[in-house]
There are 2 protein chains.
Amino acid sequence: MTHFDEPKVPTGREAIDPSDEARAMTEIMLTVFRINGRLLEKGDALVRTLGIASAQWQVLGAVSLSGKPLSAPQIAAAMGITRQGVQKQLNRMTKKGLFEKRPNPRHERSNLYWPTPEGQRIYSEAMRRETLWAQQLAEGLPGPEIQGALDFLKKFHRRLEAPLPEEGE
Amino acid sequence: MTHFDEPKVPTGREAIDPSDEARAMTEIMLTVFRINGRLLEKGDALVRTLGIASAQWQVLGAVSLSGKPLSAPQIAAAMGITRQGVQKQLNRMTKKGLFEKRPNPRHERSNLYWPTPEGQRIYSEAMRRETLWAQQLAEGLPGPEIQGALDFLKKFHRRLEAPLPEEGE
DNA sequence: TCCAACTTGACAACCAGTTTCCATTTTTGC
DNA sequence: GCAAAAATGGAAACTGGTTGTCAAGTTGGA
């Protein structure tokens, strides 16, 4: 399938026969992509009737969990995305009345953000629905199996920090 | 942290105490998001010197693995994204000389696409690098552990098809 | 203290994908 | 064999994110 016209003399660039482990690892990557897509889709559906998308839910979560007003760059750091991306959401949600700006004692131009009562209400309800959903997804699965998968995924995530394999580029 | 002002009388909308399993399941979701981000980042880096991004690598893969020229909607179906998204990539890659259009015997306006020799070369090299990478990621992990994780993820993916928990919306 | 380095907000361009709409082609069911 | 339905390409507007640039605010070290 994947072999078009293979070179006839060794080039050091031949296709490599992957081990079973490497093959399974590749399948894990593909499955993660698929799960990610489905999680986003379902997550959006879960909060759609609250008038937010999951990106906004995430921003609400980052601030709420910190327990205190945060600046855009602080939220970005907590979420692992860029400050510009967060700023876009904050502007939109502030306009919608979900966040309020608070003066930042440590910076003249840089506001802090805290959810309005309406923002808090929406976030609480989103979390309530999420818990119900997680409960449903876990139903009937043995605790140790779930925990084992989580452990593996964390290990996998850590391994993904490693630099890519060397090439004689 | 997450408790702002709880209502004093039962509303049927109180926060729910998640089970340990639900908590772990939630953590799995968050970890999947993080892994997904890291995979995209690393995947892009892996093929960057080939002049493509991983989105284009994926399109090359969908066609190559099918073994025959495909139309844009067919590729989209194989990849699980919309035909418009695929079309954008195909247009770009055709302009770059990575795909060539073939007449579609079954449709006058709808072309089929097949990688040019250059497109094939780039895809083979991308796959070679991916195999090396997967090999590295699997290194030292017991085969059964990897296989177990894959099995869990597939099961999880299947469970994500289920409709969201009912609400008395 | 003052200057350089860093942080921040605002803005623009871009990427990868989506939805929506339109015109055309193809398929189908009667 | 024809009309209606479905598939297709193309374009535009939108989303959620990115990178890059600029100007202004803040911080830290000689």
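Naming convention: chains lettered A, B, ... in sequence-line order (proteins, then strands); numbering from 1 in each chain.
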**Message:** Please determine whether a side-chain nitrogen or oxygen atom of A:Q87 lies at a distance below 4.0 Å from atom OP1 or OP2 of C:dG9.
**Reply:** yes
**Nearest atoms (heavy-atom pairs only) where B:Q87 meets B:A72** = OE1-CB, 3.1 Å
**Request:** Please tell me which of the listed nucleotides, D:dG16, C:dG9, C:dC15, lies nearest to the side chain of A:A72?
**Result:** C:dG9
**Message:** What is the distance, to the nearest angstrom, from the CG atom on A:N111 to the P atom on C:dG9?
**Reply:** 7 Å
**Request:** State plainly whether one hydrophobic cluster holds both B:L112 and B:I75, where clusters connect Ile, Leu, Val, Met, Phe, Trp and Tyr through side-chain heavy atoms under 4.5 angstrom apart.
**Result:** no
**Item:** Residue A:S110, side-chain heavy atoms: nucleotide from D:dT18, D:dT8, C:dT8 that is nearest
**Value:** C:dT8
**Message:** How many whole angstroms separate atom CZ of B:R83 from atom C1' of D:dG10?
**Reply:** 9 Å
**Prompt:** So how far is it from B:L60 CG to B:W114 CH2, rounded to the nearest 0.5 Å?
**Reply:** 10.0 Å
**Request:** Give a yes/no answer on whether the side chain of A:T82 brings an N or O atom under 4.0 Å of OP1 or OP2 in D:dG17.
**Result:** no
**Prompt:** How close or far is atom P of D:dT19 from atom CZ of B:R48, stated in whole angstroms?
**Reply:** 10 Å
**From D:dG20, D:dG17, C:dG17, nucleotide with atom closest to B:I81 side chain** = C:dG17
**Message:** Heavy atoms only, 4.0 Å cut-off, all strands: where does B:Q89 land among base, sugar-phosphate and nothing?
**Reply:** sugar-phosphate
**Message:** Is any side-chain heavy atom of A:I146 closer than 4.5 Å to one of A:L150?
**Reply:** no
**Complete:** Winner on side-chain proximity to B:A53, out of C:dA16, D:dG17, D:dG20, is C:dA16
**Prompt:** Do the non-hydrogen side-chain atoms of B:T94 and B:N111 ever get within less than 4.5 Å of each other?
**Reply:** no
**Asked** How close or far is atom C1' of D:dG17 from atom CD of B:E41, stated in whole angstroms?
**Response** 14 Å
**Request:** Write down the distance between CG (A:L40) and P (C:dT19), rounded to a whole number of angstrom.
**Result:** 13 Å
**Request:** Give me the residues of residues 94-102 of chain B where at least one heavy atom lies under 4.0 Å from an atom of DNA chain D, by number, or none.
**Result:** none
**Item:** Nearest-Å distance for atom pair CD/P, residues A:Q56 and D:dT15
**Value:** 9 Å
**Prompt:** C:dA16 P sits how many Å from B:Q84 CD, rounded?
**Reply:** 16 Å
**Atom pair distance, as rounded to whole Å: NZ in B:K88 and C1' in D:dT15** = 11 Å
**Item:** From A:L141 atom CG to A:Q147 atom CD, the distance as rounded to the nearest 0.5 Å
**Value:** 13.0 Å
**Message:** Both A:Q74 and B:G80 contact DNA chain C. Which one's nearest nucleotide lies toward the 5' end?
**Reply:** A:Q74
**Message:** Looking only at the side chain of B:P73 (C-beta and beyond, no hydrogens), which of the listed nucleotides D:dT8, C:dC21, D:dG16 gets closest?
**Reply:** D:dT8
**Request:** Report the C-alpha distance between B:E27 and A:K154 in whole Å, list the side-chain angles of each, state the deciding distance to 0.1 Å, and finish with yes or no for salt bridge (Lys or Arg N to Asp or Glu O under 4.0 Å).
**Result:** CA-CA 10 Å; B:E27 253 200 279; A:K154 282 182 175 171; 3.1 Å; yes
